Amino acid sequence: MGRILSSYSENEFEIIQKESNEYGMTPSVFQKYCVLLHLGLKTEQLMDVNIHDLKQMMTDELISKKPNDTFIVSALLPPEIWCTLNRSQKTTLSLYLKEQIEKQPDRFEVARVLHNNVKQYKCIK
């Protein structure tokens, strides 16, 4: 698989990052999406997933957590959905979960770090 390295000014990168967040993509995947779109190539596989819906599903699962429940990011979505996501989508959802955990330090904490730096979280109240 070929790779392309691109450099952007800070201002350009801020704009790209903001727009990629709107699409629920990392800047790298958004860049690929834009290039493929410009070239008239297929982009459906990059857009099949509604990241906003998945974030809402994760939020709903977080709300339902009870004290002492432990979980990792993949446990907040049905396995049949999680296994279809690409690395970028999983990373986007992991970062979203991290943000939600950090916003609620009185309710959640990092229980431990598992293999490959996967964080296991715990509901504390």
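Counting from 1, the numbers follow the sequence of the chain as shown. For clarity, every value in this text was computed on a predicted model and none was experimentally measured. Hydrogens, waters and symmetry mates play no part in the numbers below; they use all other heavy atoms, side chains included.
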**Message:** Tell me whether Ile4 at atom CD1 has more than 12 heavy atoms from other residues, nucleotides or ligands lying less than 6.0 Å away.
**Reply:** no
**Prompt:** Counting heavy atoms not belonging to Glu10, are there more than 12 under 6.0 Å from its CD?
**Reply:** no
Distance-minimising heavy-atom pair for [X] and [Y]:
{"X": "Lys119", "Y": "Val110", "result": "CD-CG2, 4.1 Å"}
{"X": "Lys125", "Y": "Arg107", "result": "O-NE, 3.0 Å"}
{"X": "Glu19", "Y": "Phe30", "result": "CG-CZ, 3.4 Å"}
{"X": "Ala111", "Y": "Lys122", "result": "CB-CB, 3.9 Å"}
{"X": "Pro78", "Y": "Met57", "result": "CD-CE, 3.5 Å"}
{"X": "Leu62", "Y": "Phe108", "result": "O-CZ, 3.7 Å"}

**Request:** Test Thr59 against Tyr96 for side-chain hydrogen bond (donor to acceptor under 3.5 Å, both in side chains), laying out the working first.
**Result:** CA-CA 10 Å; Thr59 300; Tyr96 173 75; 2.6 Å; yes
**Item:** Residue pair Asn21 / Gln17, side-chain donor-acceptor N/O under 3.5 Å
**Value:** no
Using side-chain heavy atoms (C-beta onward) and a distance below 4.5 Å, is [X] in contact with [Y]?
{"X": "Trp82", "Y": "Val73", "result": "yes"}
{"X": "Val29", "Y": "Thr92", "result": "no"}
{"X": "Glu99", "Y": "Lys103", "result": "yes"}

**Message:** Between Lys18 and Glu14 (salt bridge meaning N to carboxylate O under 4.0 Å), is one present in this structure?
**Reply:** no
Reported [atom1]-to-[atom2] distance for the pair [X] and [Y], which is rounded to 0.5 angstrom:
{"X": "Glu61", "Y": "Phe71", "atom1": "CD", "atom2": "CZ", "result": "10.0 Å"}
{"X": "Leu93", "Y": "Leu76", "atom1": "CG", "atom2": "CG", "result": "9.5 Å"}
{"X": "Ile124", "Y": "Asp106", "atom1": "CD1", "atom2": "CG", "result": "7.0 Å"}
{"X": "Lys98", "Y": "Gln100", "atom1": "NZ", "atom2": "CD", "result": "13.0 Å"}
{"X": "Arg112", "Y": "Ile72", "atom1": "CZ", "atom2": "CD1", "result": "10.0 Å"}
{"X": "Lys90", "Y": "Leu95", "atom1": "NZ", "atom2": "CG", "result": "14.5 Å"}

